[in-house]
Structure formats: C-alpha cells, structure tokens
**Student:** 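Dumping the structure here so I can ask a few things about it.
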Protein chains: 2
Amino acid sequence: MTRWDTAPYSLRQLQYLVAVAELGGFRRAAEACGVAQPSLSAQIAQVEEVLGIQMFERGARGVRVTAAGARVIERARAVLLASRDLADTARQHSDPLTGTVRIGIIPTVCPYLLPEVAPALRAQLPNLHAVWVEDKTHALLEQIETAELDGAILALDPRVTHLEHAPIGDDPFVLAAAPGHPLAKRSGPASPDVLEGETVFLLEDGHCFRDQALALCGATGAREADLKATGLSTLVQMVGGGCGVTLLPKLAVPVENRRGQLAVRAFKSPAPTRRLILAWRKGSAMKRPLDAMANVIRKRM
Amino acid sequence: MTRWDTAPYSLRQLQYLVAVAELGGFRRAAEACGVAQPSLSAQIAQVEEVLGIQMFERGARGVRVTAAGARVIERARAVLLASRDLADTARQHSDPLTGTVRIGIIPTVCPYLLPEVAPALRAQLPNLHAVWVEDKTHALLEQIETAELDGAILALDPRVTHLEHAPIGDDPFVLAAAPGHPLAKRSGPASPDVLEGETVFLLEDGHCFRDQALALCGATGAREADLKATGLSTLVQMVGGGCGVTLLPKLAVPVENRRGQLAVRAFKSPAPTRRLILAWRKGSAMKRPLDAMANVIRKRM
DNA sequence: GCGGGTCATAGCGCAAGGCTATCACCAGCG
DNA sequence: CGCTGGTGATAGCCTTGCGCTATGACCCGC
C-alpha cells in the first residue's frame, strides 16, 4: 500500500534549492527564479527547517553547499528531472486530436463505409490513429462498457440509450431481387406492402440489420427464407438465383451489386431506414476526438 | 543551463492523482489523503486543466483512468518516488551528530592528544565519523577556508580571528633539560628569566609552537640553537645530549619523556601557556557537531 | 571607517487551497 | 416508477501560504 501523506516541501522549494546551489547565492537564484530575494530566503529557510538540514553555509560572499545539502540537492535534481518528464509526457498527450482511438463497427457497415472514410479520416485528423474492430452490436456494446473500445459505429437501437452518440447518417433500406423476379418488373419506389407473401432472405441472429429487416417483414406478412446468412454478400448471391428477395442497406449496394446482377428498388417515402451513429461511453474522455471523427464521416455519407 | 521556471502543478496534486488512480474514486482518495472530497476534486480539476489532459472518466460508480491519464500518472509516481528518496536522504542526514567531519590538527598536539581522545569521541559520538589531518597551522587555516576541512585543533593565535572556535584546554610550557644541566639542578617552578643566556632548541619555521617559544625566549634573552627540528622528539633527543635546553608543551611530556631521560620543570605562575582550541569557519554548518566534539575533548584534558 | 555586497527580518496583501453545505446525476431496488 | 445511496461538481467562506517592499545586520575590501 502506498503512503498517502504529502511531502513537507514543494516542487518550488526544490527548484529554489537547486538554483541557489547552482548559482552560489540567494540573490542570483532569486533573480533567476523570478522572485524577490526575501521570498526565496523564506522558502529555503523553511525547507531547511522541515528537513532538519542546513543546506547552505551563509557567508559574506555568497553561500556554500554543505555536505548533507549536496546529497539532498542531488535528490532534488532527480525529483525535478522526473517532474520535467511528466510535463513532457503531458504535453505529448495534451492534444485531444492526437493519439489512438479504438472504434468498433458493425459488419453491415464496415466493408462499405470504411474504405471510403478511412482515408478521409487520416487526411483530416492526421494525428488521430484509429484502430477498427468489426463485430456485432452486442459485442461492441460490451467492449465499450469495459473500455476495450472507445466508441463504435452502430445502428441506432434501444440498447444504446445509456451511451452518448453523434449521428453519422441515415441509411435507407432497399429491396433487391433478381432481374426476372416479379417485384423487379416495376421500377421506382415500392411500398413495403409488396413484401406480403414473399420469401425474404435475412441475416443470421445477432445482426442488428436482421432485426430491423425482420420488423419490416413482420409488419407486411413476408416469410423468412430457411437460410440465415452470415453476410450481405450471401444474401445477394441467394437472391440472384431468383428464389426470393432480400433487403439491403443502401450503403451496401454499390459494393454488393457492383456487377448489376440484381434489380434494386427504393421504398416509398417514408422509406424504412436505419440511423447510423458513432456511440461512446457516457462521459468518455474520447468525446472530443470521436465527435470530430463523426463530423468527418458524416460529410462522406 | 538548467531552466528555472517552476512546474505548473504541485507534489500534492500528483499525490492526489495517484491516489485517485489507485483507489478508483475521488471520495476514497480524499479520505486516504486526509482532505475533503471537494478540495481534492478542485486540485484534480486544476491539474487536468493546466496539463490539458482529462485524466479520469467520471462515472456513477467511480472513475476510470484514461489512456493519457495513465501515462501521466505513471510519471507522477516516478516523481513521488524520487521525492520519497529525497525525504529518506534528508532523514539520514538530519541528525547533526551524524556523518563525517574532517578535522585538522597541528603536529605539536596530534600525537599526544589524539590517542587519548579518539576513543572517547568514538564512544560518546558514535555516529560522528572524524577524519583527522595533521598539518601546520597555516595549511590547516587554508583548508578550512576552502572547506576541505570542517574544523581544526589549533593553538589560539592572531590568525584565527575570523574563525569561530571553542576552547579545548590550556597547555602550559615546561622547561626541559638533561638531568646534569645547571637548570635541572633545582626542581620546582622556574622563572622565565632562567633562560637568559641559555641555548634553546626550537622547532623549524611554520610550527606555531616555535613562534610561541621564540616569543618567550626573546623576552628573556635566550639564544636559539643552530638546529631547527621537525618535531618535538628531535628536541628531546638533542637536549638529552646536555648541550642545551628546550621548551615543551606539557601535553607532550608523558609521551616524549616516557623514559625519564630529561628533567622537566614547570614555570612559575603565571606560567607561559598556549590555549588549544577547536576552530571552524564562521557560520559553518558543522558548528553543532564540532561544539559537541570540543566538549568531549575538553573533559579529557 | 566607509561603501557595496551578502542574507535575514518585518509587515502587509493577495490568492491558493482548505472546509461545509448542497446540488446534479446515475444505478439499483422495492 | 419513484426512492435511496452512491458518485463527483459547485458555491461560498475563511485560513494560510507565499509573494512583495522596506529595512536591518553583517562582512569584506578599499
């Protein structure tokens, strides 16, 4: 157990000790320290008193360091050196937009957003080093709680009420089907009702996008396919076969439908949407850099 | 050139930082540090402010150290450790009767006094380690001035006016001659006048005892022998041959005349005397231990 | 013996930092 | 859903620490 009683002297007093020893006189030391000579005298007298050591021999031509004083002042130099180290370390970490920030990101966002925004972040926040961790929402929330992560890019969700967050952008759902599919016959915005009776491919449990899509299907009487996919690519492949439809976040479309193998239709306004946010622990010291990052990302969506 | 500006934080603030980090909360830390929680809060806030670093994340169940905070607090621990070192060093040197003291001693005293008093000093001031340096007065005075010596055992002399000193004892001169010498015919106290016309053996230049003896001879019309001795032993040997007399400090007689080869006579009151003192630089930090040593020596004379 | 240097002392004023009392907030629980 | 017990923050007051200027005591060199 460390001791908690405080030292009977101050850093300033140690500074004065060293200055007097170095400059060989109270007057010169006082001038160098930017204080009046009596002030410095008093501090020296006090530190000599509390340590029970006469550090200096006062003479008519200045002072001379005593043997015991030399030992103590040697230690005082070490203390001041350590203090200087502390100040340096502090200066190095004092910029909130400098350092490392660990950010989680859900799988239905990560591969579509990150290639776009990562270079932008590096360019606009060059001293902020982001470490990205891709995982599902509940795992990310846990890691935020335990401070393994500083923040996470998530879809807004009842589970994030006890976190602070900044909005990143709204990502509407779109309907995707094989070009020959009946729902692809028409182009233009679709009503959610068109899903009624359709077989819809969804992601496996644990993906927040599954829950959101499932809510939409439940409201329209759609049927869930027997396959639960681990990623949106799988959904696209399945639907490409023509045996059903799926929902995709619009964000994923440029990547997942890059070959144009699917017909993609938006929903009628108000279109079902997920709101993407950057969330962090309430009161997190990373609020500043995370806010700044959210701003950069928002402009790219 | 060292920098003389003082750190923008205090040792106490660092102590508070470490306490909060260690105990995980402001209240507990405040209690451990023996201050009220708001006082500690204010100090933490201030050090965070001046260093531009948020050290702790405040939550409902206590605080959590931030990454930057951990770095700084690590340094703070180092500072406090160095400070503890300083306190230890100070405690070790705080007893004025502890440590090493370098003392000069003149050759006409050293071999006669030291064997007697050194064991007494070791016994009564066990933590005070004396280092003895035998040399003539002027060399000792120089070394005191340059702080190579802390003090010296000397005969009182006009040259020591700018030193402080404590008396050790008075050492009367005695007259020594071969048993067959005319001056040895009578026993009992002699008048200085008996020296008139005698050939007196004296020490070489530089010995204060030479000057003192010479003064006595000059006042009585004695003649100085052609030999200038480097030590009292030589004087004794010469005088033993019967071709003159000499003066000795009484202190030296038990040693130099241990075989009884000389007749020794005291002088009539007021006998010529040298006053032995322990002298030190005015304002020396060693005043206390030297005073204590002088007291021990005085009792042995 | 006097002048210029040393450090120490005295007396005053401001601000740093302590205290108590209270607030705002959050989590867990009945 | 509101209460309770925990957290840290805030407000207001007061003591104390430490700065300042002016002055004193002392010593050395001229």
Side-chain angles (χ1 to χ4, degrees), chain A residues 4-17 19-21 23-50 54-66 69 145 160-164 281-285, chain B residues 4-17 19-21 23-50 54-66 69 145 160-164 281-285:
Chain A
W4 301 112
D5 50 328
T6 178
Y9 45 82
S10 66
L11 283 173
R12 174 170 315 172
Q13 287 171 337
L14 301 188
Q15 184 72 70
Y16 290 173
L17 281 182
V20 171
L23 302 176
F26 282 44
R27 275 191 117 75
R28 284 181 289 279
E31 188 182 8
C33 293
V35 297
Q37 168 262 318
S39 307
L40 183 140
S41 269
Q43 293 302 310
I44 297 284
Q46 182 179 336
V47 76
E48 284 183 324
E49 163 78 21
V50 298
Q54 184 179 345
M55 310 266 182
F56 304 107
E57 247 173 54
R58 278 77 162 167
R61 305 201 59 68
V63 300
R64 157 178 287 143
V65 181
T66 65
E145 219 45 57
V160 302
T161 48
H162 60 293
L163 296 182
E164 290 181 355
R281 227 173 13 259
K282 204 173 282 188
S284 165
Chain B
W4 303 111
D5 50 326
T6 177
Y9 45 81
S10 66
L11 282 173
R12 174 170 315 174
Q13 287 170 337
L14 302 188
Q15 184 73 71
Y16 290 174
L17 281 182
V20 171
L23 301 176
F26 282 45
R27 286 187 108 82
R28 285 182 288 280
E31 188 183 7
C33 293
V35 297
Q37 168 263 316
S39 307
L40 183 139
S41 269
Q43 292 304 308
I44 297 284
Q46 182 180 336
V47 77
E48 284 183 325
E49 163 78 20
V50 298
Q54 184 181 344
M55 309 268 182
F56 304 106
E57 247 174 52
R58 279 77 162 167
R61 306 201 59 70
V63 299
R64 156 179 288 142
V65 181
T66 65
E145 220 46 59
V160 302
T161 48
H162 60 295
L163 297 182
E164 291 182 354
R281 231 174 8 262
K282 205 172 281 189
S284 165

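This one's a predicted model, so the numbers in the text were calculated from it and none came from an experiment. The sequence lines fix the lettering, A, B, ..., with proteins before strands; numbering per chain opens at 1.
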**Student:** Contact class for A:G34 (heavy atom, under 4.0 Å): base, sugar-phosphate, or nothing?
**Tutor:** sugar-phosphate

**Student:** Using atom CD of A:Q54 as one end and atom P of C:dC7 as the other, report the distance to the nearest whole Å.
**Tutor:** 14 Å

**Student:** Rounded to whole Å, how long is the line connecting atom CD of A:Q15 with atom P of D:dG19?
**Tutor:** 12 Å

**Student:** Would one find more than 12 heavy atoms of other residues, nucleotides or ligands at under 6.0 Å from atom CD of B:E31?
**Tutor:** no

**Student:** Given D:dT7, D:dC20, D:dC28, which nucleotide is nearest the side-chain atoms of B:R27?
**Tutor:** D:dT7

**Student:** Taking for each residue the nucleotide of DNA chain C bearing the nearest heavy atom, is the 5' side occupied by B:Q43 or by A:Q37?
**Tutor:** A:Q37

**Student:** Just the rounded figure in Å: distance from P of C:dA16 to CG of A:L11.
**Tutor:** 17 Å

**Student:** Hey, is the side chain of B:Q46 pairing donor to acceptor with the base of C:dA16 inside 3.5 Å?
**Tutor:** no

**Student:** State whether A:R28 places a side-chain N or O below 4.0 Å from either non-bridging phosphate oxygen (OP1 or OP2) of C:dT6.
**Tutor:** yes

**Student:** Examine distances only and state if a side-chain atom of A:R61 and a backbone atom of A:G59 form a donor-acceptor pair shorter than 3.5 Å.
**Tutor:** no

**Student:** OP1, OP2 of C:dG17 versus side-chain N and O of B:S39: anything below 4.0 Å?
**Tutor:** no

**Student:** First locate atom OG of A:S284, then atom CD of B:Q54, and finally report the distance between them rounded to the nearest 0.5 Å.
**Tutor:** 7.5 Å

**Student:** Nearest-nucleotide wise, let me know which of A:Y16 and A:P38 is further upstream toward the 5' end of DNA chain D.
**Tutor:** A:Y16

**Student:** Which nucleotide sits closest to the side chain of A:F26: C:dG18, C:dC7, D:dA9?
**Tutor:** C:dC7

**Student:** Mapping A:G62 and A:A45 onto DNA chain C by nearest heavy atom, which one lands closer to the 5' end?
**Tutor:** A:G62

**Student:** Roughly, in whole Å, what's the span from CD in B:E164 to P in D:dC26?
**Tutor:** 13 Å

**Student:** Mind calculating the distance between CD1 (B:I44) and P (D:dT7) to the nearest angstrom?
**Tutor:** 16 Å

**Student:** Locate the shortest heavy-atom distance separating B:A285 from A:T66; write the atom from each residue and the value.
**Tutor:** CB-CG2, 3.4 Å

**Student:** List the residues meeting side-chain hydrogen bond (donor to acceptor under 3.5 Å, both in side chains) with A:R12, not counting sequence neighbours, and say none if there are none.
**Tutor:** none

**Student:** Should A:R12 be listed as having a side-chain N or O under 4.0 Å from OP1 or OP2 of D:dG19?
**Tutor:** yes

**Student:** Expressed as a whole number of angstroms, how long is the span from B:Q13:CD to C:dG17:C1'?
**Tutor:** 10 Å

**Student:** I want to verify a distance call: between D:dC20, C:dC19, D:dG8, whose nearest atom is closest to the B:V63 side chain?
**Tutor:** D:dG8

**Student:** What's the separation between atom CD in B:Q43 and atom CD in B:Q15, rounded to the nearest 0.5 Å?
**Tutor:** 12.5 Å

**Student:** From the set C:dA8, D:dG8, D:dT10, return the single nucleotide nearest to any side-chain atom of A:S41.
**Tutor:** C:dA8

**Student:** Could you please name the option among C:dG17, C:dA21, D:dC20 that lies closest to any side-chain atom of A:A36?
**Tutor:** D:dC20

**Student:** Provide, to the nearest angstrom, the distance between the CZ atom belonging to A:R64 and the P atom belonging to C:dC7.
**Tutor:** 14 Å

**Student:** Please report, rounded to the nearest Å, how far the P atom of D:dA9 is from the CD atom of B:E57.
**Tutor:** 13 Å

**Student:** Reading DNA chain D from 5' onward, which residue's closest nucleotide shows up sooner: B:G59 or A:A60?
**Tutor:** B:G59

